[in-house]
2 protein chains.
Amino acid sequence: MADNLPADTATRILDAAEALFAEHGFDGASMRMITSQAGVNLAAVNYHFGSKEGLFQEVFHRRLAELNKQRLACLDALEAESAGAAPKPSRVLEAFFGPALEMAADTARGGATFMRLLGRTYTEPAEFIRKFMAVEYAEVVERYTRALYAALPDVPKAEIVWRLHFMMGAVSYAFSGIDALALVTGRFDDDPALLKPRLTAFLLGGLRAPLPDGPEGKSGP
Amino acid sequence: MADNLPADTATRILDAAEALFAEHGFDGASMRMITSQAGVNLAAVNYHFGSKEGLFQEVFHRRLAELNKQRLACLDALEAESAGAAPKPSRVLEAFFGPALEMAADTARGGATFMRLLGRTYTEPAEFIRKFMAVEYAEVVERYTRALYAALPDVPKAEIVWRLHFMMGAVSYAFSGIDALALVTGRFDDDPALLKPRLTAFLLGGLRAPLPDGPEGKSGP
DNA sequence: GCAATAGTCAAACGACCGTTTGATCCGGAT
DNA sequence: ATCCGGATCAAACGGTCGTTTGACTATTGC
């Protein structure tokens with residue numbers, strides 16, 4: 001059951017917890033499952049992370065800190081490149097979802113596992129989870145909503161917030177990837193590398209869709 | 001803790017379970033929480049539903065059977081109306097997501113609660129859940145994918161399946177509605193009745209988006 | 001060489017889990 | 001009046017949960 005690479009005890013716990021939380025959820029993955037898969041003593045989790053909740057938070061912080069740092073760097077580069085002018089919506093979307101999609105494609109270092117976990121965690125309303133997710137995402141969401149406001153001046157801001165909401169739903173669902181559909185339609189045999197262009201095309205179409213009530217309002221270029 | 005309306009014992013259990021599963025998940029909602037909220041004896045669940053899993057399945061079957069019956073009826077009506085010709089994509093989408101959105105707006109009779117539960121359950125990979133979800137959805141998905149193939153002859157079938165996948169993600173995420181975003185951007189003060197036009201506009205934009213790789217392919221009218 | 005510290009370990013803690021049991025109640029058929 | 005089956009009930013079952021304890025080991029600083 002132990003990992004191939006011994007590594008640090010805390011790291012082995014984080015890796016095992018990431019995989020088991022993704023598969024069974026927070027309540028469904030027990031401390032004994034986690035520690036035995038990590039090949040460490042049961043008490044090690046409480047020693048290194050204080051509690052099961054502390055472990056859960058650290059599993060997320062380890063990945064999200066890196067992911068959101070990349071997202072901010074991408075946006076910085078994009079804004080520097082188009083000095084002063086508003087970047088195109090497609091570029092903003094790519095800056096936001098690109099790093100996540102790359103992480104989702106990284107099956108070797110556990111990125112894919114984490115994105116599955118992230119996808120299913122978005123829909124879990126446990127309070128301690130919502131709390132630290134809000135903290136972890138605060139800066140990124142703030143910067144990107146402002147970038148989208150500038151990129152889509154014709155679309156009302158409230159509409160943009162909603163659509164960002166919808167987009168994150170589509171993405172996290174694509175990650176959690178349990179394929180409720182695939183169970184019915186038969187498994188996709190497609191190359192998973194095709195997910196990125198397909199998803200971004202879909203998201204961009206939704207982001208720039210005509211406004212609901214009013215006339216056949218146009219939107220981005 | 002007991003409900004206002006005494007009603008049938010089995011029904012009271014189903015109502016309480018629906019709410020508690022939505023809030024805490026399958027593992028997080030215990031039998032004792034459910035039965036005490038329903039105001040019934042602990043053993044009543046096993047007597048009426050056999051097991052906790054049986055209860056969970058029945059919570060879903062009660063709502064999904066009705067929901068999918070409506071969806072099939074909507075599609076029947078749509079196909080009868082446009083005799084022979086392929087219905088417009090927007091009409092197909094409305095037939096599919098309309099009943100779900102109406103149920104989500106029904107806060108009085110618990111429909112909204114169930115749709116939150118449904119949203120978070122899509123991302124839970126527990127095997128017994130995936131099994132009966134596949135059974136429950138089989139006919140509806142089969143009929144609607146065929147309808148979308150006909151409605152969007154220019155879009156490759158694989159692409160349509162993917163996009164249906166993305167759309168269900170956006171919708172279920174909108175339902176689970178814990179508003180990971182709202183935590184950061186501040187709560188939406190908007191009328192929840194505006195969700196339907198906003199969501200359908202977004203979905204239609206995504207469904208008819210230009211294809212990813214090839215030329216600037218057009219799609220539906 | 002020795003004290004101090006960080007890490008690991010087996011074992012146990014009380015609490016809660018889903019399920020089962022057997023007694024008890026009750027309305028309708030015999 | 002009696003029996004019967006469905007429904008409800010308090011109580012208990014064996015297990016598993018997250019966490020804590022206290023002893024033991026290895027490493028560090030002086």
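Note that the structure is predicted; figures quoted are calculated from it, not measured. Below, each value reflects all heavy atoms present in this structure, side chains not excepted, and no hydrogens, waters or symmetry copies. Letters A, B, ... mirror the listed sequences (proteins, then strands); counts begin at 1.
Remark: P of C:dA6 and OH of A:Tyr47 are 7 Å apart, rounded to the nearest angstrom. In this entry the distance linking CG of A:Asn41 with C1' of C:dA12 reads 13 Å, nearest Å. In this structure, A:Lys52 atom NZ and D:dC17 atom C1' are separated by 8 Å, rounded to whole Å. Taking atom CE on A:Met31 and atom P on C:dA10, their separation rounds to 16 Å, with Å as the unit. When rounded to the nearest whole Å, the span between CD1 of B:Ile34 and P of C:dC16 equals 16 Å. If you measure from atom CG of B:Asp27 to atom P of C:dG18, you get 9 Å, rounded to the nearest angstrom. Going from atom CZ of A:Phe21 over to atom C1' of D:dG18 covers 12 Å, rounded to whole Å. As rounded to whole Å, 10 Å separates atom C1' of D:dG15 from atom CZ of A:Arg32.
OP1 or OP2 of C:dT8 has at least one side-chain nitrogen or oxygen of A:Thr9 nearer than 4.0 Å. An OP1 or OP2 oxygen of C:dG18 is reached within less than 4.0 angstrom by no side-chain nitrogen or oxygen of B:Ser51. Checking the phosphate oxygens (OP1, OP2) of D:dT16, no side-chain nitrogen or oxygen of A:Ser30 falls inside 4.0 Å. Phosphate proximity of C:dA6 to A:His48: absent, as no side-chain N or O sits under 4.0 Å from OP1 or OP2.
Between A:Arg143 and A:Glu139, no side-chain nitrogen of the basic residue sits less than 4.0 Å from a carboxylate oxygen of the acidic one, so the salt-bridge criterion is not met. The residues A:Asp27 and A:Lys52 are annotated as not salt-bridged, no charged nitrogen and carboxylate oxygen being separated by less than 4.0 angstrom. For the pair A:Arg62 and A:Asp15, the salt-bridge criterion is met [side-chain N within less than 4.0 Å of a carboxylate O].
Among the nucleotides D:dT19, C:dA10, D:dA12, the one closest to the side chain of A:Asn46 is D:dT19. The listed nucleotides are D:dA10, C:dT19, D:dT21; the one nearest the side chain of A:Ala43 is D:dT21.
Classification of the B:Phe114-B:Phe60 ring pair by plane angle, with boundaries at 30° and 60°, yields perpendicular.
In the model, A:Gln70 has a side-chain atom that pairs as donor or acceptor with a side-chain atom of A:Glu66 under 3.5 Å.
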